[in-house]
Amino acid sequence: MSPTTDPKKTAPRFRFAPSPTGYLHIGGARTALFNWLLARQLGGSFILRIEDTDRERSTDESIRSILEGMSWLKLDADEGPFRQTDRMELYKSHVDKLIAIGRAYKCFCTPEELEERKKILTAKGEKPKYDGRCRQANQTQDKPYCIRFLNRDEGATVVHDLIKGDVTFQNSELDDLVIGRSGRGPTGSGVPTYNLCVVIDDALMRISHVIRGDDHLNNTPRQIQLYEALDYPLPQFAHLPMILGADKSRLSKRHGATSVLAYRDMGFLPDALINFLSRIGWAHGDEEIFSREELIQKFSLDHVGKSGGVFNQEKLLWLNNHYLKNYGEETLATLVRPFVEKLGLVLPEGPKFLKAIALVKERAKTLVDLANDLKFFLVDTVEIDPEAEQKVLTPEALDLLREFTPQLQAAEPFHEATLKALAEDLIKSKGLKMVKLAQPLRVALTGTTVSPGIFEVMTILGKEQVLKRLSILP
RNA sequence: GUCCCCAUUGUCUAGAGGCCUAGGACGUCACCCUUUCACGGUGAAGACACGGGUUCGAAUCCCGUUGGGGACGCCA
């Protein structure tokens, strides 16, 4: 089954519904991506909804950071961001309705009582679910209470999942969800919970496809019961396999950075991250490189696998280098500039620096690398790495450099081919290998043993800088 | 523990019963290129978790076992 077979035949509607209790997570970003891709592919809509009913933990800072992450990845929403806290009246009226039709009731159990009963059930080796005792309780007690949804516990609920297939749950396994948080008002505190809000919002926002992480699969049968109680049509469900850490457990902080913005700050390109994320759980034959346009064209839920996938940063680095190499110098100059500034340096405009970027981009895996590799082009005096100095700038090497310097002084034009020819003549006359001259030059001019081709470097540095850097050697 | 999901090299994956002597990519290793490091090129090692079925034929379908993961919140 694919979304194109949507029986409603209207434009499909997708959504991403993060909770603002932290930054945009890598896993969330992939969920958002898959939804966005399908919306773009099918001419549908992509809706962003902030699920902030947990007022204790939701923060505006998180919302800002999620939006920033989305916009950095260029996952633009057609509608929203909506906030659930702006829609409280809506949820309240639904709770009222559920109570009125006998599908919701007040539960007076205290957290302590609940905890106690759970312990007993666990000890007996049973599933620690709510026993439904307040279904029969006097509904007019003067005690704080929460609202629970009355689950039908006979029969079974089948989730027709676009990825997992049909998944059957015995209704007796499901317990009565809390849909309204506790308090003393007419509907407890009047603050609804996630399981109620998702259903109402997805229904009212006419979401046709609910695509989310498979950690939600267990919630789905209960949500289906809510849809049915409310007499709302069911969306299609698709539960994506999780992104895993190296130990195969769900990706979390202890596995390393999980914030999308952290990857931005580490110098990854949004295109590379998008490409990488798309390939966890999805494939299109043997292809590895996908532009956004190709993803929109080729992505399909039919080729999303069922098993979790490990986040492999090595591969991300490889992809990032691939994109870096293929980006134009002007683009890279703009992208790398903030990273250069973080080093306390300035990347000026001009063809000279574009050439420098062209030289170093091949070997950089991130924009941080790129900025570092550019460093020696941007400083007036290089700091020579002591280890490199000791190893390469031997007395013999210094002699050789001293001998070469006047030739450089006279070199005309000061260009790669000329410089290389001069170097070749010199080493040939000495019966040496090029490395004997190239490495001392490299260390003297760049401060390290690693750089692009040294004659290209010299060309960009220019005669004046080259001679200056050579002149301050011992 | 209970329920649910999952199972191809270290990792991401291709695989829709014969096209599989299991393909690609990352990583690893070797060699080539070479002024260093990368890039690039060539090559190598490396997987169908196990056991039963079904079938002329199974990585592919079914059952079981084992292993892993997720859920079991007045979080989402």
Side-chain angles (χ1 to χ4, degrees), chain A residues 17-21 51-54 56-58 107 109 111 114 118 121-130 145-148 159 161 164 167-170 173-175 177-183 188-189 191-195 197-198 212-221 239 241-242 244 246-250 276 279-289 302-303 305-319 321 325 360-365 369 373 388 392 420 423 427 433-443 446 448-455:
Chain A
S19 74
T21 52
E51 311 226 318
D52 58 349
T53 58
D54 184 348
E56 302 278 296
R57 273 185 287 188
S58 297
C107 170
C109 299
L114 260 15
K118 227 169 248 185
L121 287 174
T122 309
K124 280 201 286 186
E126 285 174 42
K127 192 174 191 167
K129 60 191 184 92
Y130 178 65
Y145 58 87
C146 67
I147 309 292
R148 287 186 186 268
V159 179
D161 192 276
K164 307 278 184 182
V167 183
T168 304
F169 295 84
Q170 293 306 315
E173 290 293 334
L174 281 24
D175 58 2
L177 282 172
V178 172
I179 56 175
R181 291 178 166 87
S182 67
S189 67
V191 183
T193 63
Y194 161 77
N195 277 295
C197 301
V198 247
R212 78 234 295 195
D214 70 9
D215 49 339
H216 285 281
L217 186 54
N218 288 291
N219 288 326
T220 309
H239 287 93
M242 300 270 93
L244 279 19
D247 62 358
K248 302 253 188 178
S249 71
R250 172 189 186 150
F276 175 70
R279 286 285 291 99
I280 301 180
W282 172 80
H284 190 264
D286 282 344
E287 293 175 56
E288 292 290 348
I289 308 293
D302 297 341
H303 289 272
K306 296 179 179 183
S307 49
V310 175
F311 185 92
N312 178 198
Q313 195 162 332
E314 292 296 319
K315 187 166 177 181
L316 209 208
L317 284 165
W318 167 75
L319 264 171
N321 170 256
K325 279 188 299 190
V360 297
K361 70 176 185 177
E362 288 268 313
R363 44 193 38 85
K365 291 203 187 292
D369 291 348
D373 293 349
V392 178
K420 192 175 179 189
I427 59 166
K433 293 272 194 195
M434 183 58 92
V435 68
K436 290 288 179 194
L437 177 57
Q439 277 305 74
L441 277 171
R442 178 166 283 115
V443 172
T446 73
T448 73
T449 55
V450 175
S451 86
I454 197 62
F455 303 111

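Naming convention: chains lettered A, B, ... in sequence-line order (proteins, then strands); numbering from 1 in each chain.
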Could you tell me the separation between the NZ atom of K164(A) and the P atom of A7(B), rounded to a whole number of Å?
8 Å

Within this structure, what is the CD1-to-P distance between I454(A) and U35(B), rounded to whole angstrom?
13 Å

note: R363(A), atom CZ; U36(B), atom P; distance rounded to Å ~ 11 Å

Sorted by chain and number, sequence neighbours left out, side-chain contact (heavy atoms from CB on, under 4.5 Å) with D286(A) holds for none

Could you tell me how far C4(B) sits from G43(B) if I compare only their C1' atoms? Round to whole Å.
46 Å

Looking only at atom P, what distance separates G17(B) and A30(B), rounded to whole Å?
42 Å

Considering every strand and a 4.0 Å limit on heavy-atom distances, what is the contact class for P452(A): base, sugar-phosphate, or nothing?
base

For K118(A) and P128(A) the tightest heavy-atom approach is CG-CB, 3.3 Å

With I427(A) via side-chain contact (heavy atoms from CB on, under 4.5 Å) - residues at least two apart
L432(A), M434(A), L437(A)

By ring pair (Phe, Tyr, Trp, His ring centres under 6.0 Å) - contacts of F276(A) (at least two apart)
F311(A)

Can you tell me, in whole Å, how much space there is between the P of A76(B) and that of G64(B)?
36 Å

Between E314(A) (CD) and C12(B) (C1'), how many Å, whole number?
13 Å

Could you measure between the two C1' atoms, the one in G27(B) and the one in G73(B), and give it in whole Å?
40 Å

Applying salt bridge (charged side-chain N to carboxylate O under 4.0 Å, His left out) to D214(A) and not counting sequence neighbours gives K164(A)

Can you list everything that forms a side-chain hydrogen bond (donor to acceptor under 3.5 Å, both in side chains) with Q439(A)? Sequence neighbours excluded, please.
R442(A)

When the P atoms of C61(B) and G15(B) are compared, how many Å lie between them, rounded to an integer?
13 Å

Give me the distance, rounded to whole Å, that separates G67(B) from A49(B) when you measure between the C1' atoms they each carry.
7 Å

Just compare A38(B), U36(B), G27(B) and give me whichever is closest to any side-chain atom of R442(A).
U36(B)

Write out a two-atom table: protein N or O, nucleotide N or O from nucleotides 40-51 of chain B, distance below 3.5 Å.
{"unit_1": "G40(B)", "atom_1": "OP1", "unit_2": "K325(A)", "atom_2": "NZ", "d": "3.4"}

Can you name the residues that form a ring pair (Phe, Tyr, Trp, His ring centres under 6.0 Å) with Y194(A), not counting sequence neighbours?
H216(A)

Which residues pass the ring pair (Phe, Tyr, Trp, His ring centres under 6.0 Å) test with H284(A), not counting sequence neighbours?
none

Could you tell me the separation between the CD atom of E362(A) and the P atom of U36(B), rounded to a whole number of Å?
16 Å

Charged N-O contact under 4.0 Å between R250(A) and D215(A):
yes

Assess whether one donor atom and one acceptor atom, taken from the side chain of E288(A) and the base of G24(B), lie less than 3.5 Å apart.
yes

Produce a footprint string for nucleotides 62-76 of chain B: one letter per nucleotide, 5' end first; B if the base is under 4.0 Å from any protein heavy atom, S if only the sugar-phosphate is, - if neither.
-------SBSBBBSB

Would you please name every residue forming a salt bridge (charged side-chain N to carboxylate O under 4.0 Å, His left out) with R148(A), sequence neighbours left out?
none

Pairing donors with acceptors under 3.5 angstrom, does anything connect the side chains of T193(A) and N195(A)?
no

Mind listing the N/O atom pairs, protein and nucleotides 13-22 of chain B, below 3.5 Å?
{"unit_1": "U13(B)", "atom_1": "OP1", "unit_2": "G281(A)", "atom_2": "N", "d": "2.2"}

Return the value, rounded to whole Å, for the distance between atom CG of L437(A) and atom C1' of U34(B).
15 Å

Measure the distance from NZ on K436(A) to P on U34(B) and round it to the nearest whole Å.
19 Å

Remember a base hit wins even if backbone is also touched, and classify L217(A) as base, sugar-phosphate or nothing at under 4.0 Å, heavy atoms.
sugar-phosphate

With rounding to whole Å, what would you report as the distance between U60(B) and C6(B) at their P atoms?
16 Å

Rounded to the nearest angstrom, tell me the gap between atom CG in L319(A) and atom C1' in C39(B).
15 Å

Could you list the residues that satisfy side-chain hydrogen bond (donor to acceptor under 3.5 Å, both in side chains) with T122(A), not counting sequence neighbours?
none

At under 4.0 Å between heavy atoms, what does F169(A) touch on the DNA or RNA strands: base, sugar-phosphate, or nothing?
sugar-phosphate

